[in-house]
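Okay, so here's the structure we're looking at.
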Amino acid sequence: VVTNPTNIFYLTGFSGLSPKEREAILVLTPSPVLIAPKLYQTEALKLASKDLRIEIVEERDKLNELIGKLLKSAKRVGFEETSLTYAEFAQLKKTLKGSKLIPVKNLVENLRLYKTEAEIAKIEKAQIISQKAFEKLIPTIKAGQTEAEIAQRLEKIMKKLGADGVSFETIAASGKNAALPHYLTGRDKTKNNEVLLLDFGAKLKGYAADITRTIFIGTPKDEHLNIYNLVKKAQKEAINKITHKTAAKGVHNAAHAVFKAENLHMHFLHSLGHGIGLEVHELPYLRAAGQDQLEEGMVFSVEPGLYFPQWGGIRIEDLVTISGGKPKVLGKLQEEVIIIR
C-alpha cells in the first residue's frame with residue numbers, strides 16, 4: 001500500500017491538490033490499482049492503462065473500504081512506515097484485520113535515488129531558471145529593501161521565466177540573519193556593508209531546484225571576502241572529490257578539511273548536501289557520519305557554509321550529478337563575488 005503522495009506521483013503520474021493531503025492511494029495486488037475519490041475522477045481516469053487500473057470511490061473516507069476488498073485474501077501487507085499517521089495506521093489495521101502489516105522504509109525512495117536522463121533534464125532546467133532569475137534580480141537590489149520584498153520579487157521572476165512554482169519558501173537573510181542556516185524570511189531591511197544570503201529554487205513539472213547565493217551590499221570587509229573565498233574553495237574541493245561510488249561522507253569531509261585547516265570548522269553547522277528531485281530534500285545525504293554512496297544518475301546539492309552570529313554567514317549551493325564517472329554541475333557555478341554598491 002503506497003500512501004506517500006510524492007511516491008504515488010512518481011509511480012503513476014497522479015497529483016492531487018496538495019502533497020500533504022491523502023487524496024489517492026496506490027495498491028499493488030500485485031498489479032497496480034490507483035484508488036481516487038470522485039473529486040479526482042477526470043484526472044485519475046486519464047492515467048488508466050494496461051499497467052495501471054483506476055478505481056473511483058465516492059468520497060476520500062471510502063479509500064480504506066476498497067483497500068480491504070482488494071487485499072482481503074492477503075496474509076502480509078506492506079505499508080510505508082514514514083508516511084502514515086498513527087490514526088491512519090490504526091484504520092488500515094482495522095481494515096486489514098486478517099493481514100499482518102509490515103512496515104517498509106524507503107522502498108520507492110530508493111527507486112527515486114536514480115534519475116533518468118529526462119528527470120535530470122527537468123531538474124537542470126529548473127536550476128537554470130533559478131540562476132537566470134537571480135541574475136535578473138541582482139540589478140534591482142539596494143540597501144533599504146525588506147527581505148520579504150526581495151524574496152517575493154525573486155519568486156515572481158522565476159515564474160515569469162517559466163517555473164511552475166517554487167521548490168520551497170524563498171529564504172532572504174540579511175546581515176546577522178544570514179547566520180541562521182534555515183532562517184525564515186522576515187521584514188528586516190537590507191543595510192550597507194552587510195551580506196545578503198538567498199536560498200531559493202524553481203519547480204518545474206514536479207521537479208525541484210535548489211540554489212544559494214551570498215552577495216555583499218556596500219563595501220565588504222576583507223574578513224568577509226576571505227570567508228566567501230574559503231567557502232567557494234571548499235565547494236570546489238568537494239565537487240572535485242566526487243566520482244561514481246564515492247562515499248558521501250568523504251565528499252563532506254573534503255569540505256570540512258578546508259575549514260579545519262583555517263580552524264573554522266566549528267562554524268560549519270550542517271551536512272554538505274542532500275539529494276533532490278521531486279522533493280527538495282531526499283536521498284542521498286552528504287554528511288560526516290552517513291553511509292550513503294554517490295552514484296551515476298543521482299542528483300544532490302553541494303552547499304558548504306560558515307556562520308558567525310556577530311555578522312552573518314556565507315553559503316554557496318549548487319546541484320551536481322554524476323555522468324561518465326565524473327561530477328557534472330547543473331547550470332553553472334558562481335565564479336565571481338557579487339558586490340552591490
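Looking only at distances, no side-chain donor or acceptor of His274 sits under 3.5 Å from a matching main-chain atom of Pro284. Panel note: side chain Thr140, backbone Leu137; a donor-acceptor pair is recorded below 3.5 Å. With hydrogens and angles ignored, the 3.5 Å screen pairs a side-chain donor or acceptor of Asn193 with a backbone N or O of Thr219. Remark: side-chain polar atoms of Thr190 are paired, donor with acceptor, to backbone N or O of Lys142 under 3.5 angstrom. Formation of a donor-acceptor pair under 3.5 Å by the Thr29 side chain with backbone atoms of Ser31 is found in this model. With hydrogens and angles disregarded, no donor-acceptor distance shorter than 3.5 Å links the side chain of Ser323 to the backbone of Lys328.
Residue Lys115 forms a salt bridge (charged side-chain N to carboxylate O under 4.0 Å, His left out) with just one option from Glu282, Glu124, Glu295, and that option is Glu282.
At least one side-chain heavy atom of Glu147 sits less than 4.5 Å from a side-chain heavy atom of Tyr183. A heavy-atom distance below 4.5 Å is found between the side chains of Val57 and Ile35. Residues Ile339 and Ile217 form no side-chain contact, since every pair of their non-hydrogen atoms from C-beta on lies 4.5 Å or further apart. Side-chain contact between Arg315 and Tyr307 is present, with heavy atoms from C-beta onward closer than 4.5 Å. Within the 4.5 Å cutoff, side-chain heavy atoms of Pro32 are placed close to those of Leu26. Counting only heavy atoms from C-beta outward, the side chains of Lys191 and Ser174 never approach each other to under 4.5 Å. With contacts defined as side-chain heavy-atom distances shorter than 4.5 Å, the pair Arg53/Leu34 does not qualify. Between His267 and Glu262, every side-chain heavy-atom pair lies at or beyond the 4.5 Å cut-off.
For the residue pair Glu155/Thr170, the side-chain donor-acceptor check at 3.5 Å is satisfied. At a cut-off of 3.5 Å, with distance as the only test, no side-chain donor of His182 or Asp199 sits close to an acceptor on the other residue. In summary, the side chains of Thr3 and Ser83 do present a donor paired with an acceptor at a separation below 3.5 Å, with no hydrogens or angles considered. At a cut-off of 3.5 Å, with distance as the only test, no side-chain donor of Glu303 or Thr212 sits close to an acceptor on the other residue. Gln235 and Glu237 share no donor-acceptor pair across their side chains, judged by distance under 3.5 Å alone. Between Glu296 and Tyr114, the side chains place no donor N or O within less than 3.5 Å of an acceptor N or O (distance only, hydrogens not considered).
With sequence neighbours excluded, no residue satisfies ring pair (Phe, Tyr, Trp, His ring centres under 6.0 Å) with Tyr10.
Other residues, nucleotides and ligands contribute at most 12 non-hydrogen atoms within 6.0 Å of the CD atom of Glu169. Under a cut-off of 6.0 angstrom, the local environment of CD1 in Ile102 is crowded, with over 12 non-hydrogen atoms contributed by other residues, nucleotides or ligands. Within a 6.0 Å sphere centred on CG of Asp222, heavy atoms belonging to other residues, nucleotides or ligands number 12 at most. In Lys125, the NZ atom is not crowded: 12 or fewer heavy atoms of neighbouring residues, nucleotides or ligands sit closer than 6.0 Å. Crowding of Lys249 atom NZ: a count of heavy atoms from other residues, nucleotides or ligands under 6.0 Å not exceeding 12.
How far CG of Asn4 is from CD of Glu109: 6.0 Å, rounded to the nearest 0.5 Å.
Annotation: salt bridge (Lys or Arg N to Asp or Glu O under 4.0 Å) contacts involving residues 268-279, sequence neighbours excluded, comprise Arg112-Glu279.
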